Asks: 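Here's a structure for you.
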Amino acid sequence: MSDEFQPGEAVALALDSAVGAALVGEHGQTLALGPDRAAPMIADLERSVGPRWVWWSKPTAATLVAADIRPARCWDLDTVHRILAGGWRAGPGRVWALGSGLDPSDLPAAPTDDLFSAADTADSDEPIRSDGYLSPMWIDGAWRADLDHLHRWAELGLDAYRWQIEALTGLDDRPHAAATARSESAAELLCAELELDGLPVDVAEAERIIASFIGPRPADAAEERHRAAERDHLVLEHLDGASDQGIDLRNPGNVKSLLRRVGIEVDDTRAWRLERLRGEHPIIDALLRWRRAERIATTFGYRWLDQHVGVDHRLRGTWSSSDGAAGRMTATAGLHNLPAELRPAIVAEPGHVFIRADLGQIEPRILAAVSGDAALAAATQESDMYATVATELGVTRDIAKVAVLGAMYGQTTGHGAAALRRLDATYPIAMRYLTDAAHDAEGGHDLRTRGGRLVRMSAAGDLNGDERGARSRAAARGRYGRNAMVQGAAAEFFKTWAAVVRARAADANIVLCLHDELLVHARHEIGDDMASIVTDAVQEAAYRWSGSDTADAVHFVADTTILRRWSDAK
DNA sequence: TGCGGCTATTG
DNA sequence: CACAATAGCCGCAG
């Protein structure tokens, strides 16, 4: 056996900035490093060996990234656990329980601060309890007591890694599950980088935009309230008399009665409904304008700017690589729902450009791939596959698009319903794939995406508490499950793409991931090269995500542009 | 204080 | 206005 780490081998890593680092290779090689030597040695190993670093969760990745180490390959146990077990909950205790075949609902409770728990300290050096669960004290932080504990923690991580590999390769009909685990781990590492790097913001421009909605920055809370009252008045002045006292525009019930006073009756006061009533009374227009200003004031105003944009003019939020139903990336701080009006404030730094690229019609292309429908796959060969589908169905492009989207969302009414029957006849395999998923989900059966992520239906039924009755809840589960198979696989494709871009575009940084869109920040001189890399990465992602057979049959496209300002996109 | 309802924004 | 998400404010229950 060699006394060196081997290229590409799994090396479990436990890190603590005060204690140091412990490394355990899958062939038995170990290394213990004090706090001063840890970062340089890890950086050196990354260069000379390039292992697949195995760690428990994102904080370890974040520690490396903060030390300016950005590994090429990793394995994030929490992230892989979420693929295997579904949902969002993870952590060493659950990772370990799953690997040991223990019931996660009997997970031992986290240690409390009460005095009586001190009795447990007797066996604090033993990470595995007699019942097989991981010790809560270890999970809570005993693992970072010293280098010996760190070493043990890394060993346990390596055990968990082996169990996860075994579990992934044992999944029936999911040959890409291990590849999914690697790209999803890379995405989690990317999340740590996104959190550190942030998104470049032109703060002066952002303040100009905000001011255009709600005026200049108020000096104090009193002025802020005064400004809000002034905005309220612009709506309330449309009412006759002085009886506008006590009307709260933020209260939908009050808004309804306000509208009733001018002779307008509505079930709810959503903007799209009021939009059609603009001509009825000038107060509608005033109210809709008030809503936009209120939105900026409360969610995307000066407070948002101060809270989430650093002194270095970077917008930062918390990133998750697989939150929610089917494993899409999520972000806080408005990074995923920034209003279009604020996008002119997202500007590359001096001497830099953005490479902005989005995957075209990703979900129907994904449907063609995961279902194996040859007719739908043929349509993906065109850059605008909806046009091809429209020709096949004998309908307009708009109707074809609505029908395909409706099929993936589970729509049963409206204009898409008629075209849906033609979809069934033309793309029976794809449609059957969707109805099978919907049927399984309605019955409360768990699903697994193409890449192997478990979509739990047992837990999902309770999410839709607003829908009354068992039948509508089952139907909601069906729509949820049907869509999760497509949206989830699309998320896996996107993260594979992002991971390839991250690996190939070493001199640039991904600064935003937006479901089907990437924003890369690069020095101006290398913009063209990076744009080529981003575009070419789509084809590499297709092969990595699906294997050569599917990648040859289904075509994926990206629209890539170089720009200085996000809003310069077409 | 926590939670569901309503509303807004985005893909 | 179907699928997904974050986030604010309001009313209401505890």
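Here the structure is a predicted model, which is why all the values come from computation and not from measurement. The chains referred to below are lettered A, B, ... by the order of the sequence lines, with proteins before strands, and numbering in each begins at 1. Side-chain atoms are counted along with the backbone in the values below, which use heavy atoms only and exclude waters and symmetry mates.
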Asks: The side chain of A/Thr299 lies closest to which of these nucleotides: C/dG8, B/dT9, C/dC10?
Replies: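 Nearest to the side-chain atoms of A/Thr299, counting from C-beta on, is C/dG8.
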
Asks: What is the separation between atom NE2 on A/His308 and atom C1' on B/dT9, rounded to the nearest whole Å?
Replies: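 Going from NE2 in A/His308 over to C1' in B/dT9 covers 14 Å.
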
Asks: Starting the side chain at C-beta, find the nucleotide from B/dA8, B/dT7, C/dA2 nearest to A/Arg295.
Replies: B/dA8

Asks: Compare the minimum distances between each of C/dC3, B/dT7, C/dT6 and the side chain of A/Asn483, then state the nucleotide with the smallest one.
Replies: C/dC3

Asks: Look at all strands and tell whether A/Ala491 reaches a base, only sugar-phosphate, or nothing, counting heavy atoms closer than 4.0 Å.
Replies: nothing

Asks: To the nearest angstrom, how far is A/Asn337 atom CG from B/dT10 atom P?
Replies: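 To the nearest whole Å, that distance equals 8 Å.
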
Asks: Nearest of C/dT6, C/dA2, B/dT7 to any side-chain atom of A/Arg479?
Replies: C/dA2

Asks: Give the nucleotide from the list B/dT9, B/dA8, C/dA2 with an atom nearest to the side chain of A/Arg291.
Replies: B/dA8

Asks: What nucleotide, of C/dC10, C/dA2, B/dT7, holds the atom closest to the side chain of A/Asp248?
Replies: C/dC10

Asks: Just checking A/Arg292: base, sugar-phosphate only, or nothing, at a heavy-atom cut-off of under 4.0 Å?
Replies: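 Touches sugar-phosphate only.
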
Asks: Regarding B/dG11, can its base be found pairing with the side chain of A/Arg328 as donor and acceptor, where the two atoms are less than 3.5 Å apart?
Replies: yes

Asks: Measure the spacing between CD1 of A/Ile346 and NE2 of A/His521 and express it to the nearest 0.5 Å.
Replies: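 One finds 11.0 Å between CD1 of A/Ile346 and NE2 of A/His521.
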
Asks: How is A/Ala484 classified with respect to the nucleic acid when contacts are heavy atoms under 4.0 Å: base, sugar-phosphate, or nothing?
Replies: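 Counting heavy atoms under 4.0 Å across all strands, no contact is made by A/Ala484.
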
Asks: Taking the side chain of A/Thr332 as heavy atoms from C-beta outward, which of B/dA8, C/dA7, B/dG11 is closest to it?
Replies: C/dA7

Asks: With a non-hydrogen cut-off below 4.0 angstrom, is A/Arg343 in contact with a base, only sugar-phosphate, or nothing?
Replies: sugar-phosphate

Asks: As a test of reading the structure: which of C/dA2, C/dC10, B/dA8 is closest to the side chain of A/Arg270, going by heavy atoms?
Replies: B/dA8

Asks: Please report, rounded to the nearest Å, how far the P atom of C/dC3 is from the CD atom of A/Glu442.
Replies: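 Distance check: A/Glu442 CD to C/dC3 P gives 13 Å.
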
Asks: Return the value, rounded to whole Å, for the distance between atom NZ of A/Lys401 and atom P of C/dA2.
Replies: 17 Å

Asks: In whole angstrom, what separates A/Gln361's CD from B/dG11's C1'?
Replies: 15 Å

Asks: Quick one: does NZ or CZ of A/Arg343 land under 6.0 Å from the six-membered ring centre of A/Trp566, within 45 degrees of the ring axis?
Replies: yes

Asks: A/Phe300 has an atom CZ; how far is it from atom P of C/dT6, in whole Å?
Replies: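 In whole Å, C/dT6 P lies 13 Å from A/Phe300 CZ.
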
Asks: With a 4.0 Å cut-off on N to O distance, would you call A/Arg453 and A/Glu184 a salt bridge?
Replies: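 Counted as a salt bridge, because a side-chain N and a carboxylate O are separated by less than 4.0 Å.
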
Asks: Roughly, in whole Å, what's the span from CH2 in A/Trp272 to P in C/dA2?
Replies: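 Whole-Å distance recorded here is 9 Å.
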
Asks: Looking across every strand, which nucleic acid part, if any, lies under 4.0 Å from A/Leu338 by heavy atom: base, sugar-phosphate, or nothing?
Replies: sugar-phosphate

Asks: With A/Arg450 as the cation and A/Trp545 as the aromatic partner, state whether NZ or CZ is under 6.0 Å from the six-membered ring centre and within 45° of the axis.
Replies: yes

Asks: Taking the side chain from A/Arg504 and the backbone from A/Ile533, do they hold a donor-acceptor pair closer than 3.5 Å?
Replies: no

Asks: Hey, which of these two, A/His515 or A/Gln307, hits DNA chain C nearer its 5' end, going by closest nucleotide?
Replies: A/His515

Asks: With sugar-phosphate meaning primed atoms plus P, OP1 and OP2, does A/Arg250 contact a base, only sugar-phosphate, or nothing at under 4.0 Å between heavy atoms?
Replies: sugar-phosphate

Asks: Establish, yes or no, whether a centroid distance under 6.0 Å links the rings of A/Trp319 and A/His336.
Replies: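 Yes.
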
Asks: Distance check needed: C/dA4 P versus A/Asp516 CG, whole Å only.
Replies: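 To the nearest whole Å, that distance equals 17 Å.
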
Asks: What's A/Ala326 touching, base or sugar-phosphate or nothing? Going by heavy atoms closer than 4.0 Å.
Replies: nothing

